Amino acid sequence: MKKLITCLVTIALCLFPSTTSSYSQENWVGSWSTSPVEFSVQKFFGNRFKDFGLHHLTFRTVIKPTLTGETVRLTFSNTYGTGPMTIDAVTIAKTISKQRIKVHTKKYVTFNGSKKVTLRKGETVYSDLLDYHVDALEPVTVSMYMKNTDQLKTFGLIGGTTYISSGNQVNLPATTGVPMVLNGSFGEYDVIPLFTGLDVDRPDASSTVIIGDSTLANDIPILYSTKQHLANVHNVGVLQQAIKGNRLCADGAGRLGMAYGESMLKRYERDALNQPGVKNIIIKVGCNDIIHPNCKSMMGIAPKVTTKEMIDAYKVLIRKAHRRNIKVYLVTRSAWKGYTRNILNKGDDIEWTLEIDQMRKDINAWIKTNPADGYIDLDDLCQDEDCTELRSEYVTDGVHFTLEGQKAVVEKLPVRL
């Protein structure tokens, strides 16, 4: 009888292997992430990548995890795809520089035991768990080969640098691809196809999500993580979930609308609440709800909102997080006097007025008395007593932070929330 039971147990284990890991979320904590948006390489890059075509491409992406771990899993999203997308091979390796990897550290990433995976339209998948050591703030390279990218519409636009090259080059020590970086009067986008997250198995750790608009779509998450590690806080992952042009109450509108993403109200659950191991969320969004409807290029296109509608929306975000025992910290809407928004090189798109700015001030007054778990006040980054204009050394165009400005924001973020 004992032999029979042993035999049955062995057969059961073979037929139904343990799933602890690749899909269990008990110990998974986010170490790196980016928010997916609908994007078209052909539309925004024009002829720049015409030589590559849409077939047999390798995308080599360099990222910086913010949490050390011995076991990892990767996330890939086809949220905005118009059909199924097949990833034919994925590897992970330690980075030497840009497109060069340490070959002896390279490992294949698998999905249910296979090196190949097909993502259905709208689907997000996790890889199998992989015994692989990553160090916080040390770059790793994820290389992805796809035979067909005809329906590729889901991209992250911040958080890593991707190089595109022809053929299957996931195993090569170095590639000679073209960086998928889009520069223009609207800023810079780091284009990352399908790859949206790297988690580590850390039962002792948690993650902090930094979510918002272009004032956070920069190095603030990495700088904040660096600050924590320097203060000997090594058990918190910091996740980048900002989207340039993002709004609180409305989806992106206008020519760049798809790149601005869905409203915070719509994407909040996916991009913040459902992130692995999240315990804290830092939110800075709302300036575009005020600015975009008043831009010459977006009048009648970007819907207007009222102060009450915005405050009600913030309350929804706070309430949803509290239901899951997640803490929320609101960052005040930063000053924007001097911003002209020279989008697509068409000249000044907006003019600052006291009337328009009053809405921002009213919202900031509410933030300082709101039911969130705390707030971060950016008023003292201003150069005037009325707190309408940021110091010139902190901004590139009146709104978007220079490196010094980003450091000033991080200085105001407590090491432990």
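No experiment lies behind these values; they were computed from the predicted model shown.
- Looking at Ile356 and Trp336, their side chains come closer than 4.5 Å, going by heavy atoms from C-beta outward.
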For Thr86 and Thr118, run side chain to side chain donor-acceptor pair (under 3.5 Å): C-alpha distance rounded to whole Å, both residues' side-chain angles, the deciding distance at 0.1 Å, then the answer.
CA-CA 4 Å; Thr86 297; Thr118 296; 2.8 Å; yes
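- Side-chain contact of Asp271 with Gln275: a donor-acceptor pair under 3.5 Å is absent, judged by distance alone.
- Of all heavy-atom pairs between Thr208 and Val236, the closest is OG1-CG1, 3.6 Å.
- Under a 3.5 Å cut-off, the side chain of Arg341 and the backbone N or O of Ile350 do not form any donor-acceptor pair.
- Annotation for Lys102: atom NZ does not count as buried by contact number, only 12 or fewer foreign heavy atoms lying within 6.0 Å.
- Checked by atom type, the side-chain pair Arg416/Asn280 shows no donor-acceptor distance below 3.5 Å.
- A donor-acceptor pair is defined here as one N or O able to donate and one able to accept, closer than 3.5 Å; no such pair exists between the side chain of Asn168 and the backbone of Tyr145.
- For Arg100, the CZ atom is loosely surrounded, since the number of other residues' heavy atoms within 6.0 Å does not exceed 12.
- In this structure, the separation between NZ on Lys315 and NZ on Lys308 is 7.0 Å, given to the nearest 0.5 Å.
- Residues Arg267 and Ile243 are in side-chain contact: their nearest non-hydrogen atoms beyond the backbone lie under 4.5 Å apart.
- Residues Lys98 and Val62 approach most closely at O-CG2, 3.2 Å, considering heavy atoms.
- Proximity of a side-chain donor or acceptor of Asn288 to a complementary backbone N or O of Asn246 within less than 3.5 Å is detected.
- Put simply, the side chain of Lys106 never gets that close to the backbone of Val170: no donor and acceptor are under 3.5 Å apart.
- Classification of Asp380 and Lys412 as a salt-bridged pair holds, one side-chain N sitting under 4.0 Å from a carboxylate O.
- Side-chain contact check for Leu317 versus Leu265: some heavy-atom pair is nearer than 4.5 Å.
- Checking side-chain atoms of Thr149 against main-chain N and O of His55 turns up no donor-acceptor pair under 3.5 Å.
- With hydrogens and angles left out, the side-chain atoms of Glu393 and Thr402 include no donor and acceptor closer than 3.5 Å.
- Side-chain atoms of Leu390 and Ser334, non-hydrogen and from C-beta on, do get closer than 4.5 Å to each other.
- No more than 12 heavy-atom neighbours from other residues, nucleotides or ligands sit within 6.0 angstrom of CD on Glu411.
- Between the CG atom of Asn148 and the CE atom of Met146 there is a distance of 7.5 Å, given to the nearest 0.5 Å.
- The two atoms that bring Ser207 and Pro276 nearest to each other are OG-O, 3.0 Å, heavy atoms only.
- Contact detail for Thr154 and Pro36: the closest heavy-atom pair is CG2-CB, 3.7 Å.
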Check step by step if side chain to side chain contact (heavy atoms under 4.5 Å, CB included) holds for Tyr132 and Leu74.
CA-CA 11 Å; Tyr132 195 86; Leu74 276 58; over 6 Å; no
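- The ring-ring contact (aromatic ring centres under 6.0 Å, His included) with Phe195 is formed by just one residue from the set Trp32, Phe59, Phe155; it is Trp32.
- Taking the six-membered ring where tryptophan is involved, the planes of Tyr314 and Trp366 are essentially parallel, since the angle between them stays under 30° and well short of 60°.
- Here the straight-line distance linking atom CG of Leu403 with atom CD1 of Ile220 works out to 10.0 Å at 0.5 Å rounding.
- With Asn78 contributing its side chain and Gly83 its backbone, the two residues share a donor-acceptor pair below 3.5 Å.
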Chi angles and distances behind the side chain to side chain contact (heavy atoms under 4.5 Å, CB included) call for His292, Ile301:
CA-CA 9 Å; His292 283 184; Ile301 300 173; over 6 Å; no
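- Contact check for Glu138 versus Val134: no side-chain heavy atoms found under the 4.5 Å cut-off.
- Looking only at side-chain heavy atoms (C-beta outward), Thr307 and Ile363 come within less than 4.5 Å of each other.
- In the displayed structure, Gln358 atom CD is contacted under 6.0 Å by more than 12 heavy atoms of other residues, nucleotides or ligands.
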Run Asp386 and Lys361 through side chain to side chain contact (heavy atoms under 4.5 Å, CB included) and show every step you take.
CA-CA 10 Å; Asp386 292 333; Lys361 289 193 168 187; 4.0 Å; yes
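- For Arg120, the CZ atom sits in a loose shell: 12 or fewer heavy atoms of surrounding residues, nucleotides or ligands are nearer than 6.0 Å.
- Side-chain contact check for Thr215 and Asp213: at least one donor-acceptor pair (N or O, by modelled atom type) lies under 3.5 Å.
- Atom-to-atom distance recorded for Thr332:OG1 and Lys284:NZ is 7.0 Å, nearest 0.5 angstrom.
- Residue Leu67 comes nearest to Ala136 through the heavy atom pair N-CB, 3.9 Å, listed as atom of the first residue, atom of the second, then distance.
- Contact of the Asp219 side chain with the Phe401 side chain is not registered, since no non-hydrogen atoms from C-beta on lie closer than 4.5 Å.
- Taking the side chain as every heavy atom from C-beta outward, Ile92 and Leu198 approach each other to under 4.5 Å.
- Figure legend: cation-pi geometry between Lys115 and Tyr108, with NZ or CZ positioned under 6.0 Å from the six-membered ring centre and within 45° of its axis.
- Atoms CD1 and CZ, from Ile290 and Arg247 in turn, are 9.5 Å apart once rounded to the nearest 0.5 Å.
- The minimum heavy-atom distance linking Leu273 with Ala321 is given by the pair CD2-CA, 3.8 Å.
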Show your reasoning for whether side chain to side chain contact (heavy atoms under 4.5 Å, CB included) applies to Tyr339 and Val395.
CA-CA 10 Å; Tyr339 182 47; Val395 285; over 6 Å; no
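- Listed for the Gln240 side chain is no donor-acceptor partner under 3.5 Å among the backbone atoms of Gly159.
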How far apart are the C-alpha atoms of Lys368 and Asp379, what are their side-chain angles, what is the distance that settles it, and do they pass the salt bridge (Lys or Arg N to Asp or Glu O under 4.0 Å) test?
CA-CA 11 Å; Lys368 296 174 185 180; Asp379 279 354; 2.9 Å; yes
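- Residues His400 and Ser214 have side chains that bring a donor and an acceptor to within less than 3.5 angstrom of each other.
- The backbone N or O of Thr68 lies less than 3.5 Å from a partner atom in the side chain of Arg202, making a donor-acceptor pair.
- Looking at Asn364, its side chain does come within 3.5 Å of a backbone N or O of Arg333 through a donor-acceptor pair.
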Output, in order, the C-alpha distance, side-chain angles, deciding distance and verdict of side chain to side chain donor-acceptor pair (under 3.5 Å) for Thr75 and Thr196.
CA-CA 6 Å; Thr75 309; Thr196 58; 5.0 Å; no
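- Between the CZ atom in Arg60 and the CG atom in Leu57 there is a gap of 14.0 Å [rounded to 0.5 Å].
- Checked by atom type and distance alone, the side chain of Thr105 pairs as donor or acceptor with a backbone atom of Lys94 at under 3.5 Å.
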I would like to know whether Asp251 and Lys266 meet salt bridge (Lys or Arg N to Asp or Glu O under 4.0 Å); could you show each step before the answer?
CA-CA 8 Å; Asp251 297 344; Lys266 285 185 183 177; 2.7 Å; yes
